[in-house]
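Just below is one structure, and these are the notes that go with it.
Below, read A as the first sequence line, B as the second, and so on, with proteins coming before strands; counting in each chain starts at 1. The basis for the numbers below is simple: all heavy atoms, side chains too, and nothing from hydrogens, waters or symmetry mates.
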Amino acid sequence: TQLLEQSPQFLSIQEGENLTVYCNSSSVFSSLQWYRQEPGEGPVLLVTVVTGGEVKKLKRLTFQFGDARKDSSLHITAAQPGDTGLYLCAGARTNTDKLIFGTGTRLQVFP
Amino acid sequence: NAGVTQTPKFQVLKTGQSMTLQCAQDMNHNSMYWYRQDPGMGLRLIYYSASEGTTDKGEVPNGYNVSRLNKREFSLRLESAAPSQTSVYFCASSGTSYNEQFFGPGTRLTVL
């Protein structure tokens, strides 16, 4: 059973456009992380959100944790080709629990 | 610091052959993990080790064994490879409060 559903699965946009990726679950998570993975490499941590309603910004990327801690979103403003990659959300039900990864959103940004 | 290193980077096996994937981390992390990544399936946990001397099964442990050799090293062994084990394998380590993971570059394994 996949506990973390990501949407969309694929996204292909032009440079300069905005986009939002969603990570949804019926379970409550203690914390939620977002990773980016480039072709041929391992995932790299972007951010961790831990409080319901929390919003974190990383340059053009804005991450939000849902009030009920069951969902999260990643918004990219003015996407650039360097944003191309696989975006993965991952949640932990307790601070010491194993991570559960979503299925990923593959983003392609064309110049 | 090299972070998390994995060897080999690529491997082709025939059905029934065995091999060991090596992983090492230099961040003094207690926890280490082995995942496999298949198209459309995200990352699935095979085995993990919360500390030196302990190992536990993850979501998809069948056909695999692991050894936590010391705090730095965590190996994954395929005793009798099957085509269903064709995948990209990632090792990760964690030492933070929220189990944030640091990944190696991966091993691309093909079983014919």
Point-to-point distance, once rounded to the nearest 0.5 Å, from CZ of A/Phe29 to OH of B/Tyr98
16.0 Å
Quick one: what part of B/Arg108 sits under 4.5 Å from any heavy atom of chain A, side chain, backbone, both or neither?
side chain
Taking atom types as modelled, is there a side-chain donor on A/Gln33 or B/Gln101 under 3.5 Å from an acceptor on the other?
no
Which distance, rounded to the nearest 0.5 Å, do you find between the CG of B/Leu43 and the CG of A/Leu86?
8.0 Å
Counting heavy atoms not belonging to A/Gln9, are there more than 12 under 6.0 Å from its CD?
no
Please report the interatomic distance CG(A/Leu45) to CZ(B/Phe103), rounded to the nearest 0.5 Å.
9.5 Å
In Å and rounded to the nearest 0.5 Å, what is the NZ to OH distance from A/Lys98 to B/Tyr35?
9.5 Å
Shared ILVMFWY cluster between B/Leu45 and B/Tyr89, side chains joined below 4.5 angstrom?
no
Look up atom CD in B/Gln37 and atom CG in A/Leu88, then write down how far apart they are to the nearest 0.5 Å.
6.5 Å
Can you tell which of A/Gly104, A/Pro43, A/Gly40 has the highest number of heavy-atom pairs within less than 4.5 Å of chain B?
A/Pro43
Do you reckon B/Tyr48 sits in the same ILVMFWY cluster as A/Phe101, going by side-chain contacts under 4.5 Å, direct or chained?
yes
More than 12 foreign heavy atoms under 6.0 Å from CZ of A/Arg106: is that the case here?
no
Any link between A/Leu74 and A/Tyr22 through a network of hydrophobic side chains (Ile, Leu, Val, Met, Phe, Trp, Tyr) touching at under 4.5 Å?
no
Where on A/Gln37 is there a heavy atom nearer than 4.5 Å to chain B: the side chain, the backbone, both, or neither?
side chain
Side-chain heavy atoms nearer than 4.5 Å, only ILVMFWY residues, links allowed to pass through others: does that put A/Leu58 and A/Tyr87 together?
yes
Residues, nucleotides or ligands: over 12 heavy atoms within 6.0 Å of B/Lys57 NZ
no
Going only through I, L, V, M, F, W and Y residues with side-chain contacts under 4.5 Å, is there a path from B/Tyr33 to A/Leu99?
yes
Closest non-hydrogen atoms of A/Gly42 and B/Phe90, given as atom of the first, atom of the second and distance, are CA-CE2, 3.4 Å
So, the part of A/Val44 with a heavy atom under 4.5 Å from chain B: the answer is neither
